[in-house]
J.: 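Here it is: the structure, laid out below.
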Amino acid sequence: MMAGYLYNDVMIIGGGGHAKVVVDILTQQKTFTVVGIIDKQAGIGQYIAGIPIIGDDSSIEDFFGKNLINAIIAIGDNKQRAYLYERLRDIGYTLVNAIHPSAVVSPSAQVFSGTAIMPGAIVNASSLIRENVIINTKVSIDHDCVLLEHCHIAPGCTLAGGVTVGQGTLLGAGVTVIPGINIGAWSIIGAGSVVVSPIPDHVVAYGVPAKIIRYLD
Ligand code: JB2
């Protein structure tokens, strides 16, 4: 990588399937130039989606300020993404958003840093999307929803108005949530579930209607 940094250069942390989509989005968004990927397994000299691997996590501190100031974490696992987000933020990196041009984000919605919004997603009026969230392909988030840090809304989910999703929670593909429901932190809602009543923190719930199946440690 060349010496010196540019304010519109960005590196991606994670080089798997999710990173390929984030590369795609950032390329089409045209706000940032993706200059490299930091991956735990892939080595320097390899390419992911045409982007070179520039190091592993031990290089993250070294790059800051000398080569790079912008980053985005592209790892689906919510705990790992949360850990890396806090590490990069504490170093001083600016965590950027990757928002696909086909996503519809209301001007009255607020999207915090490090969030990825995938093709065909909709974020409607007055919704609040906190840091390091994934709003995956063709998700629909209606008005006044609150998505807290590090949660992941998997492809095809539909959240009606006024739904809250807690920190680090995963809504599996195709989950539907009726209006005004609160879903707690670090829970998992199984694919295809229909959530019609509140879900607490640290549980696995699924079904139609969704029921608590087990508690997580
Ligand atoms: O701590 C880490 C770390 N942990 C995993 N640091 C760094 N720098 N890289 C890490 N990785 C890397 O993330 C792995 O070495 C691997 O290259 C990548 C994870 O790839 P995978 O394809 O297994 O998962 P993903 O996170 O890209 O995608 C998951 O989540 C998406 C949202 C999949 O479930 C996808 O299907 C899903 N769309």
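In listed order, ligands and their atoms are each counted from 1.
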J.: What does the 4.0 Å heavy-atom contact list look like for ligand 1?
T.: Ile13, Gly14, Gly15, Gly16, Gly17, His18, Ile38, Asp39, Lys40, Gln41, Asp57, Ile75, Gly76, Gln80, Leu84, Asn136, His152
J.: Name all residues meeting the side-chain hydrogen bond (donor to acceptor under 3.5 Å, both in side chains) criterion together with Arg87; count only those two or more places apart in sequence or in a different chain, and write none if there are none.
T.: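 Only Glu61 meet the side-chain hydrogen bond (donor to acceptor under 3.5 Å, both in side chains) criterion with Arg87.
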J.: List the residues meeting side-chain contact (heavy atoms from CB on, under 4.5 Å) with Leu128, not counting sequence neighbours, and say none if there are none.
T.: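 Checked Leu128 against side-chain contact (heavy atoms from CB on, under 4.5 Å); matches are Gln110, Phe112, Arg130, Val146.
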J.: Could you work out, with salt bridge (charged side-chain N to carboxylate O under 4.0 Å, His left out) as the rule, every residue matching Glu86, not counting sequence neighbours?
T.: none
J.: Please identify which of these residues, Ile135, Ile99, Asp24, Asn136, meets the side-chain contact (heavy atoms from CB on, under 4.5 Å) condition with Met118.
T.: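 Considering Ile135, Ile99, Asp24, Asn136, a side-chain contact (heavy atoms from CB on, under 4.5 Å) with Met118 is found only for Asn136.
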J.: With distance as the sole criterion, is a donor-acceptor pair present between the side chains of Asn78 and His150 under 3.5 Å?
T.: no
J.: Between His100 and Gln29, is there a side-chain donor-acceptor contact under 3.5 Å, judged purely by atom types and distance?
T.: no
